[in-house]
Amino acid sequence: EAREKALLENFAFFYGAIPTSSAPIIFASQFDPKSTELLSTAVLFGMILAAPIMFITALLLGHNRLHGDEHTTLAHVQLSSDAASLACGSVFLVLVALLRKNWGFHCPAKQLVFWYGEILTIYAALSLWLNPTLPGWSICEKVRESPQDFWVCLFGWLQSSAAALALVLTYMLVRSPRLS
């Protein structure tokens, strides 16, 4: 029972280190448009500061617990999150395909949301394919031999494109709520 309590305390501490989402920005743009810019800056700084805090917290709280070393643990976590992301992205793309007449592709924000979902789905599939825990199916060993491989460059491009689209969508929301 003491071990379970310690695990729950560690989980609560780690969960507290996770930054807020962009939902407060959306609420601010609807209910107090003057505070949106300040809130966007606060959320951005919170996300920037949270990354190293979460990483260090995860290392200290979960050191050598799951699989014996951090690399294997990280690879297994990445595998499960990539599989979930690919499933959710596929559902999103199927729903957009089914509702394409009602989706409203004439709206620039909806076009960007579609491309954001498309890019993240491809990113999840490629990340899954690059995962080293899939022996015989992963291309991880080939990538280690040639770090400038096409797949690595594509992976980086997809990651940067998704970040850029997220920034554009946030900017559209803050500057022109009518477009979003």
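Computed from a prediction, not measured in an experiment: that's the story for all the values here. Scope of the values below: all heavy atoms of this structure, side chains included, with no hydrogens, waters or symmetry mates.
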Original post:
Do you know the tightest heavy-atom contact between A162 and Y116?
Top reply: O-CE1, 3.2 Å
Original post:
Can you get from F114 to Y171 by hopping between Ile, Leu, Val, Met, Phe, Trp and Tyr side chains that sit under 4.5 Å apart?
Top reply: no
Original post:
F150, I122: one ILVMFWY side-chain cluster at the under-4.5 Å cut-off?
Top reply: yes
Subject >> Nearest atoms (heavy-atom pairs only) where I119 meets S161 >> reply: CD1-CB, 4.0 Å
**OP:** Provide the closest heavy-atom pair for A124 versus L86 in the form atom of the first, atom of the second, distance.
**Re:** CB-N, 3.8 Å
Original post:
In Å, rounded to the nearest 0.5 Å, how long is the span from SG of C153 to CG of L158?
Top reply: 11.0 Å
**OP:** Evaluate side chain to side chain donor-acceptor pair (under 3.5 Å) for D82 paired with S85, printing each intermediate quantity in order.
**Re:** CA-CA 5 Å; D82 286 341; S85 297; 5.2 Å; no
Original post:
Is there a donor-acceptor pair closer than 3.5 Å between any side-chain N or O of S35 and the backbone N or O of D32?
Top reply: yes
**OP:** Calculate, to the nearest 0.5 Å, the distance between atoms CG and SG belonging to L93 and C88 respectively.
**Re:** 11.5 Å
Original post:
How about W115 and L120: do any of their side-chain heavy atoms sit closer than 4.5 Å?
Top reply: no
Original post:
How about Q111: does its CD atom have over 12 heavy atoms from other parts shown lying under 6.0 Å from it?
Top reply: yes
Original post:
Can you hop from L126 to W157 via hydrophobic side chains spaced under 4.5 Å?
Top reply: yes
Original post:
So how far is it from L165 CG to E118 CD, rounded to the nearest 0.5 Å?
Top reply: 11.5 Å
**OP:** Locate the shortest heavy-atom distance separating P24 from L39; write the atom from each residue and the value.
**Re:** O-CD2, 3.1 Å
Original post:
For I26 and S29, which heavy atoms make the closest approach, and how far apart are they?
Top reply: O-OG, 2.8 Å
Original post:
Under the 3.5 angstrom rule, does the side chain of T121 hit a backbone N or O of G117 as a donor-acceptor pair?
Top reply: yes
Subject >> Smallest separation among heavy atoms of S127 and Q78, with atom names >> reply: OG-NE2, 2.9 Å
Original post:
Atom CD1 of I25 and atom CG of L44: how far apart are they, to the nearest 0.5 Å?
Top reply: 8.5 Å
Original post:
Using the ring of each side chain (for Trp, its six-membered ring), is F155 parallel, tilted or perpendicular to Y123, with breaks at 30° and 60°?
Top reply: parallel
Original post:
Do the side chains of F92 and L98 join up, straight or via other hydrophobic residues, at under 4.5 Å, putting them in one cluster?
Top reply: no
Original post:
CZ of F105: more than 12 outside heavy atoms within 6.0 angstrom?
Top reply: yes
Subject >> hydrophobic_cluster_shared for V174 and L167, side chain cutoff 4.5 Å >> reply: no
Original post:
Can M172 and L112 be said to form a side-chain contact (heavy atoms from CB on, under 4.5 Å), step by step?
Top reply: CA-CA 10 Å; M172 287 175 69; L112 287 175; 3.4 Å; yes
Original post:
When rounded to the nearest 0.5 angstrom, what is the spacing between CD in Q30 and CG in L173?
Top reply: 8.5 Å
